[in-house]
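First the proteins, then the strands, lettered A, B, ... as listed; each starts at 1.
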There are 4 protein chains.
Amino acid sequence: MRKDKNTLILNAAIKIFAEKGYQYATIAEIAKEAAVSKGLIHFYFESKLDLMLSVILSFLEHVNEINAKKLIGSISPVDSLKAVFETFQELLFKDSDNLYKGKILNEGLPEVDKIKSKVLKNKKAAIDEQNRKLFDTIDKLIHEGQKASLLNRNLKPEIIRQILGGSSQFLTTGMYLHPFGKGGLGYNKRDVKKAMNMLIDSFRAAK
Amino acid sequence: MRKDKNTLILNAAIKIFAEKGYQYATIAEIAKEAAVSKGLIHFYFESKLDLMLSVILSFLEHVNEINAKKLIGSISPVDSLKAVFETFQELLFKDSDNLYKGKILNEGLPEVDKIKSKVLKNKKAAIDEQNRKLFDTIDKLIHEGQKASLLNRNLKPEIIRQILGGSSQFLTTGMYLHPFGKGGLGYNKRDVKKAMNMLIDSFRAAK
Amino acid sequence: MRKDKNTLILNAAIKIFAEKGYQYATIAEIAKEAAVSKGLIHFYFESKLDLMLSVILSFLEHVNEINAKKLIGSISPVDSLKAVFETFQELLFKDSDNLYKGKILNEGLPEVDKIKSKVLKNKKAAIDEQNRKLFDTIDKLIHEGQKASLLNRNLKPEIIRQILGGSSQFLTTGMYLHPFGKGGLGYNKRDVKKAMNMLIDSFRAAK
Amino acid sequence: MRKDKNTLILNAAIKIFAEKGYQYATIAEIAKEAAVSKGLIHFYFESKLDLMLSVILSFLEHVNEINAKKLIGSISPVDSLKAVFETFQELLFKDSDNLYKGKILNEGLPEVDKIKSKVLKNKKAAIDEQNRKLFDTIDKLIHEGQKASLLNRNLKPEIIRQILGGSSQFLTTGMYLHPFGKGGLGYNKRDVKKAMNMLIDSFRAAK
DNA sequence: GATGAATGAGCTTTCATTCAT
DNA sequence: AATGAATGAAAGCTCATTCAT
């Protein structure tokens with residue numbers, strides 16, 4: 001089953017955006033990577049910015065979709081929280097394409113300010129919605145956990161969320177490390193999962 | 001005592017780089033902000049990239065300098081660790097210029113790959129050295145703490161470092177929050193300090 | 001009886017060319033207007049230029065055809081001249097499609113230089129022929145009028161032709177007016193006819 | 001006395017715009033004609049459109065300036081009208097640069113709709129003002145002439161203006177003629193002046 | 001030291017045209 | 001006859017960098 005051109009371009013974009021950064025990535029290079037003409041990219045995507053927003057949107061949709069499935073059962077808020085961050089690790093560690101998406105997610109957001117066209121405004125709205133969904137999921141779980149005295153009430157939920165989010169992202173994308181010539185991460189997927197679970201457990205309310 | 005032109009340009013660059021991002025910042029705009037001609041910027045700095053590396057380098061030197069002073073006494077590894085991350089918060093929260101530097105630090109790193117000229121290679125080497133110094137400080141403290149059974153030995157030092165670094169950065173720069181229209185951070189400098197200390201304490205070895 | 005596709009495309013082209021101008025009109029838009037695929041346009045017309053030349057040619061053929069019928073009887077050269085320019089006004093004022101053609105006629109001519117292909121050279125030759133026919137008709141009538149002492153001999157026929165042509169075109173297309181925000185023309189079809197007749201009468205030889 | 005680069009570019013633009021038409025003219029070609037880099041054109045002019053508007057504006061300013069001087073004395077409306085159109089002929093026949101301007105004036109106006117930027121809106125406003133000044137001059141003279149029973153009252157002033165304008169333009173730019181392979185105009189500057197004066201005289205009120 | 005006019009490589013985007021289906 | 005995905009040349013514009021003054 002052949003991938004359609006749309007997906008082909010999207011995957012090439014993920015790779016090039018992540019390798020070069022949004023600004024340094026060129027349509028020409030993405031086209032070359034996808035083995036497609038420059039024109040075709042603009043046939044499927046309104047602009048370079050549209051292309052990047054499409055990458056981000058598809059990733060967030062994927063994350064929320066998986067979360068929705070995972071959180072159906074009646075597990076505790078703390079376990080749910082673990083599950084949510086596990087989703088991140090799973091997706092980001094699954095293959096390099098997804099690892100790339102984590103970087104793009106981080107880098108692409110400032111670009112969103114430049115949105116002018118109607119189509120892109122709609123796409124941004126869709127991204128915002130997916131983001132809000134993700135944040136709401138996390139914040140609600142933290143809040144529930146605190147209400148049920150399962151999580152430490154001494155920290156504001158926003159603080160906890162930032163700690164978990166920052167740790168998750170740095171652990172998976174290896175930020176801090178890469179540019180300074182240190183080779184690999186020095187740890188693996190399993191280590192990350194364990195660390196995140198311990199981290200969440202550390203926020204449990206003292207008995 | 002008037003600031004010399006070099007510093008004038010550096011400060012303008014910090015502001016514009018942080019506001020627009022490295023790529024979208026233009027020499028023209030930095031020149032305007034510094035009330036200086038475009039030509040003069042290239043008189044003091046070899047290139048745009050040189051300018052950004054100079055910003056990063058000066059920040060890291062500042063951080064290491066402060067750390068060196070703080071860690072002279074014979075405090076425990078855990079308290080030292082707290083002191084190091086406190087340095088970050090202090091610098092980054094001190095004024096908006098330094099907060100900006102946090103963002104630049106994050107964003108500028110991919111650019112480093114493009115370094116070609118000899119002068120810039122030297123500058124990169126200087127940055128790497130300052131970075132290694134910072135990392136070594138952190139890693140050594142974690143290692144000492146684990147050896148002295150003050151810190152949990154179940155987690156690799158790299159993991160702990162990434163968690164502390166990620167949390168610190170997300171808490172101070174508000175990443176995750178900004179692009180999605182949520183207004184302020186919802187917490188303040190004091191909250192961050194408390195949270196980082198609790199976080200470090202959570203890695204203490206169970207008795 | 002359904003219009004055939006060829007005519008359908010031609011009419012769509014007239015509308016879009018006139019609204020947007022030749023250069024700004026796109027094949028895609030013409031195709032949409034004609035409710036036809038882009039590919040089909042190139043099935044019926046060799047190129048965009050061919051399409052415009054076809055519009056011009058069909059208009060000139062129409063003008064000459066009508067003139068031929070009108071000038072069969074033995075009316076005076078002056079009345080014939082009036083009839084010829086009346087044809088213009090009639091066609092151009094008849095409906096907006098024809099008014100459009102007047103604009104295209106004016107705008108399209110510089111494009112003719114770009115003709116390269118054999119097919120288009122033939123089409124250009126056909127246009128030239130129709131044009132020559134129209135000019136010859138006008139010039140001959142002026143010349144006859146002058147010879148019969150019905151028209152002022154102080155003005156060269158070319159001069160008279162340019163005055164009549166320029167007046168006719170400016171009166172019908174409203175050139176000069178449109179771009180400066182003045183609303184309608186301020187006069188109607190009847191006014192134009194009267195003015196053109198008076199203008200032609202003004203060239204009558206003084207007794 | 002060397003022409004400054006601004007004027008150099010403006011003159012190159014006049015030539016290329018007139019030869020190729022606004023749309024077909026390229027910045028690269030204008031730059032080559034001016035023996036200047038592409039970048040410099042955008043240093044002096046905001047955009048290609050700005051460049052053309054600048055050409056039109058400078059021409060209209062020139063026309064109105066000359067008219068203002070000519071109409072200071074207390075000559076009759078009819079003679080004033082002759083003087084105004086004489087200005088056109090003088091400017092347009094003076095040299096090929098000015099003849100070109102006549103064509104650009106005609107062709108460039110539809111582009112004005114595309115104006116978006118603030119700078120260009122100001123430029124458009126300036127053009128509109130110069131145009132209104134020109135139209136007001138013409139319309140006022142026609143109106144005065146009719147009021148003083150010097151000009152035929154059977155024709156609306158707008159009609160007379162269009163006839164004079166259209167004739168003037170067609171006579172000077174040779175529209176109608178050029179594209180059909182007929183060589184020169186077949187008449188000269190003197191013929192045009194005589195014809196325009198006769199035309200204006202033909203609108204005199206019958207005694 | 002300081003200026004800013006001048007350069008030119010490089011980018012995104014448009015769109016007529018082609019061709020497999 | 002008809003479609004529309006795919007192509008690629010060409011264009012306007014940006015901006016770091018240079019250099020005469």
Side-chain angles (χ1 to χ4, degrees), chain A residues 4-6 8-9 23-31 34-51 117, chain B residues 4-6 8-9 22-32 34-52 114 117, chain C residues 4-6 8-9 22-32 34-52 114 117, chain D residues 4-6 8-9 23-31 34-51 117:
Chain A
D4 63 291
K5 291 286 167 72
N6 194 304
L8 203 63
I9 292 168
Q23 263 302 306
Y24 287 108
T26 68
I27 294 288
E29 199 171 4
I30 293 170
V36 141
S37 74
K38 279 188 294 171
L40 196 64
I41 292 183
H42 285 91
F43 182 75
Y44 284 104
F45 301 92
E46 194 189 53
S47 63
K48 191 183 172 187
L49 186 49
D50 182 24
L51 188 50
S117 91
Chain B
D4 63 295
K5 290 286 168 68
N6 194 304
L8 203 62
I9 292 168
Y22 176 75
Q23 260 303 305
Y24 287 110
T26 66
I27 294 289
E29 200 171 2
I30 293 170
K32 196 179 169 189
V36 140
S37 75
K38 279 192 296 171
L40 196 64
I41 292 182
H42 282 88
F43 182 78
Y44 284 103
F45 299 91
E46 193 191 50
S47 63
K48 191 183 173 186
L49 187 49
D50 181 23
L51 190 49
M52 193 192 56
K114 279 130 209 156
S117 89
Chain C
D4 64 295
K5 290 286 168 67
N6 194 304
L8 203 62
I9 292 168
Y22 176 75
Q23 261 301 306
Y24 288 110
T26 65
I27 293 289
E29 201 172 2
I30 293 170
K32 197 180 170 190
V36 141
S37 76
K38 280 193 294 172
L40 197 63
I41 291 183
H42 282 88
F43 182 76
Y44 284 103
F45 299 92
E46 193 190 49
S47 64
K48 191 184 173 185
L49 187 50
D50 182 22
L51 190 49
M52 193 193 56
K114 279 132 208 154
S117 89
Chain D
D4 63 292
K5 291 286 169 67
N6 193 304
L8 203 63
I9 292 167
Q23 263 302 305
Y24 287 108
T26 68
I27 295 288
E29 199 172 3
I30 293 171
V36 141
S37 74
K38 279 188 297 170
L40 196 64
I41 292 183
H42 285 93
F43 182 75
Y44 284 104
F45 300 93
E46 194 189 50
S47 63
K48 191 183 172 187
L49 186 49
D50 183 23
L51 188 50
S117 92

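- Pairing partner, E/dT12: F/dA11, with both Watson-Crick or wobble hydrogen-bond distances short of 3.5 Å.
- When all heavy atoms are compared, the tightest approach of C/I9 to C/I30 is O-CG2, 4.3 Å.
- Contact annotation for B/Y44: backbone-only contact, meaning every heavy-atom pair under 4.0 Å involves sugar-phosphate atoms and none involves a base.
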Strictly under 4.0 angstrom, non-hydrogen atoms only: write out the protein contact profile of nucleotides 14-21 of chain E, one letter per nucleotide from the 5' end, B, S or -. BSSBB---
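- With C/K48 contributing its side chain and C/Y22 its backbone, the two residues share a donor-acceptor pair below 3.5 Å.
- Residue B/F45 contributes atom CZ, which lies 13 Å from atom P of E/dA2 at whole-angstrom precision.
- Across all their heavy atoms, B/A31 and B/S37 have their closest contact at CB-C, 4.0 Å.
- Put simply, NZ on A/K5 is 17 Å from P on F/dG4, counting in whole angstrom units.
- Residue A/L51 contributes atom CG, which lies 14 Å from atom C1' of E/dT13 at whole-angstrom precision.
- Across all non-hydrogen atoms, the minimal contact from A/E46 to A/H42 is O-CD2, 3.8 Å.
- Here E/dG4 presents its P atom at 17 Å from CG of D/D4, a figure rounded to the nearest Å.
- In this structure, B/F43 atom CZ and E/dG4 atom C1' are separated by 16 Å, rounded to whole Å.
- Separating the CD atom of A/E29 from the C1' atom of E/dT12 is a distance of 15 Å, rounded to the nearest angstrom.
- Atom CD1 of A/I41 is separated from atom P of E/dT13 by 11 Å (rounded to the nearest Å).
- Remark: F/dT21 base-pairs with E/dA2. Criterion, Watson-Crick or G-U wobble with two distances under 3.5 Å.
- Closest of all the heavy-atom pairs between D/N6 and D/F45 is OD1-CZ, 3.5 Å.
- Annotation for A/A34 and A/L8: closest pair O-CD2, 3.5 Å, computed over non-hydrogen atoms.
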